[in-house]
Each structure stands twice: as structure tokens, then as C-alpha cells.
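Just below is one structure, and these are the notes that go with it.
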Amino acid sequence: RIAELRLNDLLDTQPAMGLQIMAWSEVIGAWSDDASGLTCAYLTEAHRQTAAQMVQWMQDAGMTASIDAVGNVVGRYQSDHPDAKTLMTGSHYDTVRNGGTYDGREGILLPIAVIRHLHQRGEKLPFHLEVIGFAEEEGVRYKSTFLGSNAVTGHFDMSLLARTDADGITMRDALEFAGHDFTQIPAIARNRADYLGFIEVHIEQGPVLLQRNLPVGIVTSIAGSCRYLVTLTGMASHAGTTPMTMRKDAAAAAAEIILLVEQRCSGITSLVGTVGQLQVPGGSVNVIPGVCNLSLDIRAADDSVRDAAVADILSGIEAICARRQVDTQLELTMRAAAAPCAPWLMQQLAAATERAGVAPFMLLSGAGHDAMSLVNLTDVAMLFTRCGNGGISHNPLETMTADDAELSAHILLDFLRHFTPK
Ligand code: HGY
Ligand code: MN
Ligand code: MN
Ligand code: MN
């Protein structure tokens, strides 16, 4: 079907929006900046290739399109009323390492397909519509999340320019190498008064819609998260001669910490805790690990529930390391409060969902999204599309169907046609 679509594209016939979204996703999903598979890290070759391609698709859809100083791809479908305000939509086009094809991308490609549908019919909207492909949300390369959306809301931390990636390349050098003028990043900030709201369409990245046999859902709020990088320093020594009672084993301390995180975050609704990265740098089979690095990602829908869990985990880490005579260094790399979606926007999404013949279903987002950054500029709402394969995401097995993409596109189209500003 996708191959046929590509043929359609070549023949310039216009496939249905859902199939178009799937085909576009496949095209950019195949670009990866490392052999591990689907990885599109900030400002790598695959990332720049994706940005240029999306500019093209936006222009073909009747939009103006450009790439801003931080790498956001900004498309606008202008209203005929020059002094109209702007509704913003979009999502991120960077991915996690070996991620999926639709995470972020759906929220950019779907609005482009909807605008192309409007443009083909010569239909304009009473407001400007801005589609932003945010340059970075996952934090893979520089351990800093929401770089693109924070620039748009005026919260970009310029000190991050000095941060280096795993190869020692600073963000500033990466921006310059990609042809960006980082001094223009502060000028990206939008004026709150110009915007009517922000809508993000995104795959659910979980199993809830699949289990309820629902194609779409409306997000109530986005769980807040706290991330740390933890460095444990014990003492490397001989695996054969060091008695078990005399060890300062950094990896054994890490093992206790991982189980502490799992135990503390179990059994409390919406609270989750993950150690996603765990390394013994330069480790050898016959050396007791002197250093062990691990990451913490603690999330909850309620900020006080998350903060209490973080406090318990940090004091637990201290106790474990004191007992094991292991030093700890903690670096807080992200702290994002839970972001509530605006009821007045949710209701209009619910009405569009109903008109599409689907019972509106509200759910929490355990995953973070650019909308939690945009909440600092304007009211936000999110439409989730069902995730296949058991809801798996951040994995090449991530999938959705063309039918669900088509339905989600029709709901956004209908939402736009009926949109009533607050
Ligand atoms: O980690 C997250 O929740 C998002 O995918 N960045
Ligand atoms: Mn993601
Ligand atoms: Mn995402
Ligand atoms: Mn997002």
C-alpha cells in the first residue's frame, strides 16, 4: 500500500490523508543517524534531512515554511484576515535512540496533510494556523529536553549552548555546523497575545486505547517528570582477591537503587520510576566496578506524589551508598511539572470526536510532550491516536494504522472548521 502511495505521490494523485501520513512517516522514519536503527538525534544528518523534507511537504501543502535558529520547522497556513490570531499545532521530529516511526512525527505530518486537504479545496480558516516541527524534545544528544518548544515559549536556557554531547561537540558548535545562528534563538520567543491555543496530536505510546478498542482519546493532563543522572563511585579492585566484606562495589549499589526505585514507585496510580541507562564505564570482567552511572526518570500526574517519591528515592540512595562506602553525585537534568490540558479546548476536541462517530474518552498522558512546554505560552490540548503492537513505543515496533491516522486527521480537520476561540 505504501509503495502504491509513493507511486501516487509520483503521479501526484492525492491519497487519503491517513495513507499520506503513513507514507510520509515511512519516508522520514527510514532516516537514521546511526546504524542502531531509527534514531534522529538533534542536528545530526538525519535530523537536517528530515527538516528539509518537511519544509518541502509544507510548501506543497500551500504553507509558508522555514527552519528557525534552533532548528524548528515552522509552517504557516495564513488566514485571509491579516490581523487574525494564530492557533498552533505540532510536535517534535527528533527521536529517542532506536525509536519508533510515529512518536512526534504524527503530530507534524498529520496537520500538514489536513492543511493540504484544505488548500486543495481553496478553503481558508478565520485564524492563522502554525504547524511547528519542534527540533528537539527527547534530550538524547544533549540530555536537555524541549529545546525546540522552550525556544518558542521564550524559556530556552542559553547556557545549554556550552553543553557537550558524547563526542565532546558543544551544542553551539553543532548549531553553527548546521548553519544556524544561535544568537537568534531568543528572537524565536512568541508573544502570548498572538496565540489562541496549542493542539498536539500524538500516538498514545501506551495500551489504554488499544485495550478499550478506541481509535482516539483526549488527554486530561500530562504527567510531570523529574530526571537525574547519578554517578556512583566506589573502589575498583581485584575480583579474585578482594573479600566480599571489603568491597566498595558501585554496580552492586546501583542494583539496590534500581530495586528501590521499582519498589517505591509500585502500587501508586500514575507514579512510575525508571532506570533507563546503566553503565560501568571501562568495566572489566575481573575488576570490581569502581564507577557506575545510572539515570532516574520519576513521573506522576500529581506533582506532590512525584516529589515525595523523588525525596524518598534520593534519601534511599544516600543510605545505600553510606552503607556501601560508595560516593554519589546527582545531576538534575529535567524537572517538568504536570501540565493540565485546557477544558475549553478539550471540549471542542470532544465535540469533533463525537461528530466523527467516536465516543470521546479522556485519559492521562504518562509520556511527556511538547504541550507541557507550550503550556507556558498558551492553553493546550492533545489528541491521542491508538498505538498498535500492545501500545509499545520508543521502539521500532511502534505502530499505528492508516485508518486511525485518517480518523485523527478528520477529527483535527473538523475541530479546525468548528474552532471557537476562548
Ligand atoms: O520521555 C517522554 O515521555 C517523551 O517521549 N519525551
Ligand atoms: Mn518520545
Ligand atoms: Mn513524543
Ligand atoms: Mn511531544
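As the structure lists them, so they are numbered: ligands from 1, and atoms in each ligand from 1. Reckoned from all heavy atoms, side chains included, excluding hydrogens, waters and symmetry mates.
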Check against salt bridge (Lys or Arg N to Asp or Glu O under 4.0 Å), Arg323 and Glu256: CA-CA 11 Å; Arg323 174 167 38 83; Glu256 276 201 66; 2.7 Å; yes
Metal check, the Mn ion (ligand 3) vs His369 N/O/S, cut-off below 2.8 Å: no
Backbone N/O of Gly391 and side chain of Asn389: donor-acceptor pair under 3.5 Å: no
Side-chain H-bond candidate by donor/acceptor type, Gln205 with Asp103, under 3.5 Å: yes
Among Arg299, Glu138, His92, Glu137, closest by any non-hydrogen atom to atom 1 (O) of ligand 1: Arg299
Any side-chain donor near an acceptor of the partner, Thr86 and Arg76, under 3.5 Å: yes
Polar atom proximity, His394 to ligand 1 (N or O, under 3.5 Å): yes
Side chain to side chain contact (heavy atoms under 4.5 Å, CB included) between His418 and Arg355, worked out: CA-CA 11 Å; His418 292 81; Arg355 287 190 292 266; 3.3 Å; yes
Which of the ligand 1 atoms, numbered from 1, are nearer than 4.0 Å to a heavy atom of Arg227: 1 (O), 2 (C)
Worked check of side chain to side chain contact (heavy atoms under 4.5 Å, CB included) between Leu363 and Thr220: CA-CA 6 Å; Leu363 72 166; Thr220 52; 5.9 Å; no
Ligand 1 atoms in contact with Ala367 (distance to a heavy atom under 4.0 Å): 3 (O)
Full working for salt bridge (Lys or Arg N to Asp or Glu O under 4.0 Å) between Arg299 and Asp297: CA-CA 7 Å; Arg299 308 187 190 203; Asp297 176 323; 2.8 Å; yes
Lys/Arg-Asp/Glu bridge criterion (N-O < 4.0 Å) met for Asp379, Lys422: yes
Metal site the Mn ion (ligand 2), protein N/O/S atoms found under 2.8 Å: 3
Shortest protein contact, atom 4 (C) of ligand 1 (heavy atom only): Gly368 O, 3.4 Å
Residues Gln329 and Thr231: side-chain donor-acceptor under 3.5 angstrom: no
